[in-house]
Amino acid sequence: MSSTEPSASEQHQIRVQKLQELREMGIIPYPYSFDTTHTSKQILENEDLVKQDDQDAEDAPQVAVAGRIMTRRIMGKSTFFNLQDSDGTIQVYIRRDDVGQENYNTVFKKLTDIGDIVGIKGHVFITGTGETTVYANEFVLLSKSLRPIPIPKEVETEEGETKVYDAFSDKEQRYRQRYLDLIVNPDVRDVFQQRSEMVQAMRNFMNDKGYLEVETPILQPIYGGASARPFVTHHNTLDMKLYLRIANELYLKRLIVGGYDGVYEFSKDFRNEGLSRFHNPEFTQVELYVAYKDYNWMMDFVEAMVEHVAKKLHGSTTVQVGKHEIDFSRPWPRIPMFEAIEEATGKDLYGKNLSTLKEAAHELGIELEGSAGKGKIIDEIFGECVEPNLIQPTFITDYPIEMSPLAKKHRTKEGLVERFECICNGKEIANAFSELNDPQDQRERFEAQAKLRSAGDEEAMTIDEDFLRALEYGMPPTAGLGIGIDRLSMIMTDSDSIRDVLFFPQMKPEGGK
RNA sequence: GAGUCGGUAGCUCAGCUGGCAGAGCAACGCCCUUUUAAGGCGUGGGUCGUGGGUUCGAUCCCCACCCGACUCACCA
């Protein structure tokens, strides 16, 4: 919408008019820079900046801050307003007699609005009510805002609790206009700050071990590494079909073949599936592959890294998530999948045939598609009867081979692979295995997948000949891991929807198609 | 994909059995030089999600559609 469009709101039109008046006065409403000396937080935390009683204003330490005007309390010839910057909010006091009649009456009082970005220079003092405040002797407009921002009001009750009035709370608008959400809801900024710190902590943890951060293709001619339906796109010049990756596993393992001992990648993956509180079409995983290790080693690693992350973010191994206090301190329980199922249902399903499994599922009240194989049924039973009850971080180990075409056969247990998932708060947050490096076995697994595929399973994997060729050159024994960054962020920030840990979650277009 | 609930001013929300569309904050005008949900007096602001229908008359009733939240299903 153009700013002059007649449908613009009254308030929008008034601001456009103000912008015009400012230009006519020779004021540049969008200047090029402003040098700050402090952030709001730095001023609030540094008592030495406050002007002493026996000090003249000019002799007091000078500060320069910049930010967005959030509230305004005009009292004739002087005004208090709150300036919000990336660190928080600080109060500013400005008087006509200090900044000049025209500057104060016309530029500030008449032509400046809540939402405008301004720069302030002055000294720091403490008001009669005890609030640290910047006393402005210079005021400059840095960006004129044309749209009114939502203005929540915060009040402290007598019990010291903060009550918010008129919160900007409509979830649709908050997701669609995340910039507004960030301006108005400081908690949102904290969530994303924590997410960033979490990724940083993981990256540092892996770098300290000497693993190499790498990048692999997002556009792939053959997608693989997971069971999911892909997004399809097309390359014009090459005139070929390309897929957005659903995982980066097969590329990272090629790099292990190439001789790296440890590689990892934080990767955006894309899966053409439904949306939910836990699913966004694009999401982030970190995948890590370490040569000469197995899944037992990887469990130690995951425990250590996640515990490290919790301490970094919360200064403690315990994190409050909803009603639960989750304790990430090592070690975490390690329970073979069939034992976990037996414990929860009283049924020992290990080594049972298809019809027995179907019967068991039926008795547990689980509905199955007719085509469901053994692996699928066991997964359903596990997902229904066990997973939701695992609140504290727990490793579930040794999965049926049918569900894990890229994992190595278990060294002692027939029909299983050396795989674990870490379940926390009732959801999977990590998935790992001793990687299958026997090229002949891998080919057979791919062929089994191809069979499922031709039987109509759209999520089954396709055969990746180049990956098989790589394995045939020889891949060392390798432990591989994937951790869902969005899921872990949800836990670490106590968010109950994936949309709250993504800046721009997928939405349908505004106003329909 | 299915079910439930919702969409009214810039924001948060009222709106009874169908009868001129409301409040607080924000905006506009005036007063106010240590306020803080600042205060006081006054004023303006609406495609009631969209399109049909019923009716003398629809924000309200009916139908379809769009968007969202939540729950379920698939998936990580």
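Each chain gets a letter, A, B and so on, in the order its sequence line appears, and its residues count up from 1.
Here A:F283 counts as stacked on B:A76: its ring centre is under 5.5 angstrom from the base ring centre and the planes meet at under 30°.
Annotation: salt bridge (Lys or Arg N to Asp or Glu O under 4.0 Å) contacts of A:E402 (sequence neighbours excluded): none. Listed by chain and number, the residues in a salt bridge (Lys or Arg N to Asp or Glu O under 4.0 Å) with A:K121 amount to none (sequence neighbours excluded). In this view, A:R203 and A:E213 satisfy the salt bridge (Lys or Arg N to Asp or Glu O under 4.0 Å) rule, not counting sequence neighbours.
Here the separation of B:G19 from B:A2, taken at their C1' atoms, is 39 Å to the nearest Å. Rounded to whole Å, the C1' atom of B:C70 lies 29 Å from the corresponding atom of B:A23.
Between A:I114 atom CD1 and B:A38 atom C1' the separation is 13 Å, expressed in whole Å. Atom C1' of nucleotide B:A73 and atom NZ of A:K376 are separated by 11 Å, given to the nearest angstrom. When the P atom of B:C74 is taken as reference, atom CD1 of A:I246 falls 18 Å away, rounded to whole Å. Here B:G68 presents its P atom at 15 Å from CZ of A:R178, a figure rounded to the nearest Å.
Take the nearest nucleotide of RNA chain B for A:T129 and for A:R95: the residue whose nucleotide is more 5' is A:R95.
Residue pairs meeting the salt bridge (charged side-chain N to carboxylate O under 4.0 Å, His left out) criterion with at least one partner in residues 421-431 of chain A, sequence neighbours excluded, are A:R419-A:E421. Listed by first and then second residue, the salt bridge (charged side-chain N to carboxylate O under 4.0 Å, His left out) pairs involving residues 98-107 of chain A are A:R95-A:D98 (not counting sequence neighbours).
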Scan nucleotides 41-49 of chain B against the protein and return all N/O pairs shorter than 3.5 Å with their distances rounded to 0.1 Å.
{"residue": "B:G44", "atom": "N2", "partner": "A:E10", "partner atom": "OE1", "Å": "2.5"}

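Across every strand in view, B:G1 sits in a pair with B:C72 that passes the Watson-Crick or G-U test at under 3.5 angstrom.
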